[in-house]
> 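Structure incoming, see below.
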There are 2 protein chains.
Amino acid sequence: MNHVTMRDVAREAGVSVNTVSRALAGKPDVSPQTRAKVLEVAERLGYRPNKLARGLRSNKTFTLGVIVTDIANPFFAELVKGVEETARKNGYSILLEDTSEDPKKEEKAIQVMLAERVDGLLVTPVQSTRRALEEVLKSGFPFVLMGRYFPDLDAPYVVTDDVQGAIIAVEHLINLGHRKIAHVAGPLHISSAQDRLSGYIKALERHGITVREEYILKEAVTLEDGYRAGKELLQLRPLPSAVFAYSDFVAVGIMQAILEEGFRIPADISLVGYDDILFSAYTKVPLTTIRIPKRTLGSEAVRMLLKSLARKKSLSAKAKRLGVDLVVRDSTGRKGVR
Amino acid sequence: MNHVTMRDVAREAGVSVNTVSRALAGKPDVSPQTRAKVLEVAERLGYRPNKLARGLRSNKTFTLGVIVTDIANPFFAELVKGVEETARKNGYSILLEDTSEDPKKEEKAIQVMLAERVDGLLVTPVQSTRRALEEVLKSGFPFVLMGRYFPDLDAPYVVTDDVQGAIIAVEHLINLGHRKIAHVAGPLHISSAQDRLSGYIKALERHGITVREEYILKEAVTLEDGYRAGKELLQLRPLPSAVFAYSDFVAVGIMQAILEEGFRIPADISLVGYDDILFSAYTKVPLTTIRIPKRTLGSEAVRMLLKSLARKKSLSAKAKRLGVDLVVRDSTGRKGVR
DNA sequence: CTGTTAGCGCCTTCAT
DNA sequence: ATGAAGGCGCTAACAG
C-alpha cells in the first residue's frame, strides 16, 4: 500500500517535483505540453495529493471538525447531513465526534480536533460547562455553534428561533380553546430548552393565562423521560387539557403514557412536540409539532464558518436565527370537543 | 491562532526538540527530571501535537474513514455511533462521508479518504457498482464493509445474518397461520435486500408454501416507496394476509397505506419489518420486527479493521455475521382472528 | 541520557 | 517556463 507521490510523477514525466506541483495546481507558468504530460502521468499512476503534507505546509487542512451531542438522535443526524453536504460541496472534509452530552468528552473532542488541525469547528455544545469553548473563543480559533448558543457569550452561532417556535406552538393550543396547558421542558442548561420554556411562558402571559409552576415539568430529553413526565402529568389536578413538549422525542414518550392510561389524544389531551423529526407523522397519533429546518441549520453553520475562514482570523460574532413552522397533525384539537 | 509546537516547548524547557518528542512519547531514555520539566512546560504552554506532521512522518494518522449511504437514516446513524465510540476508545478519529446511495459520490469519497491518508476504511457500499472497492481491495489498503457485502468478493465484512433474520420473520408469520405472505423487497443490488428475499423464499419453501411472483414487490427503500408498495399490495387477489417488509422504514409506509385503505393491522393484515429502529415501537401499530445490533455492527467493524491494521498489511478476508432477534409487537397476529 | 541530522510530501520563494 | 532550496512539525537513526 504505497501512495504515489509527486516525486514519482516527476520522475516518470521527466520533470522536477516543482513543475508537477505547479502543473497540478493549475498555475499559469507551465507550458501546455508539460502540463498535459504531467496530468497524464499523474492520472496513469493514480496520484492523489497527500493532504497531510499539504496541510502541514499550507496550514490549511480543508477539514472541519464537527462535534455533536448524539449522532444517533435523528435530529442531529439530519443536522450532520446538512453539514456534510455543504462542507463537501465546498471541498471540505469533516471529522466527526460524538459527546453523548458529556462535557468531559466535549473538552477532549475539542482538543483532538485542534490537534488534527481542522480549519474550523462546528459544535453543538453540551452547555453544562462552557470553559472549553470560552478558551477556544479567546484563542481566536474559528468556530460556529449549532442549534444551541450562550446568550451572554460573544460567539457565532446558527440556531432556530425557539422562543418564537414555542409561542407559535402554545398559541396554536390557546387558539383551540386550551387554557390549562402544561409544558414538559428539557434540561434548562440547554439554550433551546430555556428558550422554549420562555416562549411557553410568554405566550401564556400574552393571553392573560396564569403560569402555574406545577404545570412545568423539567429536564426531559429521552423518550423515557417523556414517558415518566407523561405519567406525572396525569396526576395533576386540575388535569391539563394540553401539553407542549420540549421535543418530539419527549412528546412521543408523553403520548405513550397518556394513551396507556386510557386518555385520548386529542379528545382528552392535546399534544404538541418540537423538531418534526422523521417519524412524527407516523406515531400512534400523528404529532402536531414545530418544524425546524435541520439540514439548513447545518448548511448555514458551514456557510458562516467558511465565510469567517475566508476573511481570515476575524470571526466577528455573527448570529443567525432561522424561522420555524407549525405543522398541524392529529394530536391537537379543539378543547372539549370529543 | 498560532499553535504551540515542540520547538516552543523545547526552547522554554531548555532542551532539544528531540528530547521533547521522546519525553512526550514516553520513551524510556529520558531522565525523570527532564521528562517532568518537559511535561510541565508542554502543559503550561498548551502544547497539542500536530497530527498532520506526525502522520506525515510516521505514516499513521490514527484516523479512520467512514463512508455511509445516508447518515440521516436512523439505522446508519446508530451504526456510526457504534463506530465512533469504538474508534475513539482506541484513539482513532473518524472522517465521515455520506454518499446518498450515489456510486459516483462513493468513488469520490474513497479518493478523498485516501488523500487524507486515513489508516483504514469502513464502508457501507452502495453496491450499484463495485469497481472502486475492487481497486481498493487490490491495492491492499485496509478496509471493512459494514452491513452489506459482496458475496463473491474476497473482502472483509461485518454484517448481520439477513437470510436467517428473514426466515425468522416469515416463520413467525407462518406459525401464526399465515400462508398468503407477501414481501416488499429492497433494491436487489444491495446484499441485505437480496438476503432477506432469499430468506423469505427459503422459509416459504421449507413450509411447502408456493412462492408467488406477484407477491414479491421490489426496490423499496424509502417510506414513500413502502407507501406505494402498500397500495399495490392491496390490489392483489387473493389479498395477502401478511406482509414482510425489507425494512422498518418501508414497513411504516406500508402500514400507512393499509390503514388508510381501511384495513386493520393485524386483524386483516399482519406486518413485519426489519431493523428495529428507534421508532418502531411507537408507530400507529407498534411494529413486529427483526432487531439487528446496529451499534455492535459498527464496533465490530472497527475492531476487525484495527486488528488488520495491527498485524500490518495482511488483511485476510475475515467475515463476521451477527445474529438477530425477533421482536414481537402488535403488528402481527394469528390469521383470521379479529 | 541528550542532541544533531535527515526526511516524510508538499508548496513557496528565488534563481535560472 | 522550469529547477533548486528551504521549511512546515514531527520522529527515527545515529552520534556523542
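Note on naming: letters A, B, ... go to the chains in the order of the sequence lines (proteins, then strands), and numbering restarts at 1 for each one.
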> Using a cut-off of 4.0 Å on non-hydrogen atoms, how would the nucleic acid contact of A:Ser58 be classed: base, sugar-phosphate, or nothing?
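No contact.
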> How long is the straight-line distance from NZ of A:Lys138 back to CG of A:Asp154, given to the nearest 0.5 Å?
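One gets 14.0 Å once the value is rounded to the nearest 0.5 Å.
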> Taking the minimum atom-to-atom distance to the side chain of A:Leu56, which one of C:dG9, D:dT11, C:dT4 wins?
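Looking only at side-chain atoms, A:Leu56 lies closest to C:dG9.
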> When only distance counts, do a donor and an acceptor, one from the side chain of B:Arg54 and one from the base of D:dC10, lie under 3.5 Å apart?
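By the distance-only test, no, there is no pair.
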> Which heavy atom of A:Leu79 sits nearest a heavy atom of A:Lys294, and at what distance?
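Shortest heavy-atom separation between A:Leu79 and A:Lys294 comes out as CD1-O, 3.5 Å.
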> Taking the minimum atom-to-atom distance to the side chain of B:Val17, which one of C:dC1, C:dG9, D:dT11 wins?
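Closest nucleotide to the B:Val17 side chain: D:dT11.
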> Which heavy atom in B:Leu306 sits nearest to a heavy atom in B:Leu64, and how many Å separate them?
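Closest pair (atom of B:Leu306, atom of B:Leu64, distance): CD2-CD2, 4.3 Å.
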> In terms of side-chain heavy atoms of B:Ala53, which of C:dC11, D:dC10, D:dG3 is nearest?
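Closest nucleotide to the B:Ala53 side chain: D:dC10.
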> Compare the minimum distances between each of D:dA12, D:dT2, C:dT2 and the side chain of B:Arg57, then state the nucleotide with the smallest one.
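Nearest to the side chain of B:Arg57 among the choices is D:dA12.
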> State which of D:dA12, D:dG9, D:dG3 makes the closest approach to the side chain of B:Thr5.
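So the side chain of B:Thr5 is nearest to D:dG9.
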> Using the side-chain heavy atoms of A:Met6, tell me which of these nucleotides is nearest: C:dT2, C:dT4, C:dC10.
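Looking only at side-chain atoms, A:Met6 lies closest to C:dC10.
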> Can you tell me how far C1' of C:dC8 sits from NZ of B:Lys60, to the nearest Å?
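About 16 Å, once rounded to whole Å.
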> Kindly give the heavy-atom pair with the smallest separation between B:Glu116 and B:Thr61, and that separation in Å.
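Shortest heavy-atom contact: O-CG2, 4.2 Å.
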> Nearest whole angstrom, please: distance from the C1' of D:dG9 to the CG of A:Leu52.
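Rounding to the nearest Å, CG of A:Leu52 and C1' of D:dG9 are 12 Å apart.
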> Students often get this wrong, so: under 4.0 angstrom with heavy atoms, is B:Asn50 touching a base, only sugar-phosphate, or nothing?
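Here B:Asn50 touches the backbone only, sparing every base.
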> So B:Val15, base contact, sugar-phosphate only, or nothing? Heavy-atom distance under 4.0 Å.
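Sugar-phosphate, no base atom in range.
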> Taking any heavy-atom pair under 4.0 Å as a contact, classify A:Lys27: base, sugar-phosphate, or nothing.
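Counting heavy atoms under 4.0 Å across all strands, the contact made by A:Lys27 is with sugar-phosphate only.
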> Which nucleotide in the set C:dT2, D:dT11, D:dT2 lies at the smallest distance from any side-chain heavy atom of B:Asp29?
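Of all the options, the side chain of B:Asp29 is nearest to C:dT2.
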> Determine the interplanar angle of the B:Tyr92 and B:Phe62 rings, folded into 0 to 90°, and report it as parallel if under 30°, tilted if 30 to 60°, perpendicular if over 60°.
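It falls in the tilted class, 30° to 60°.
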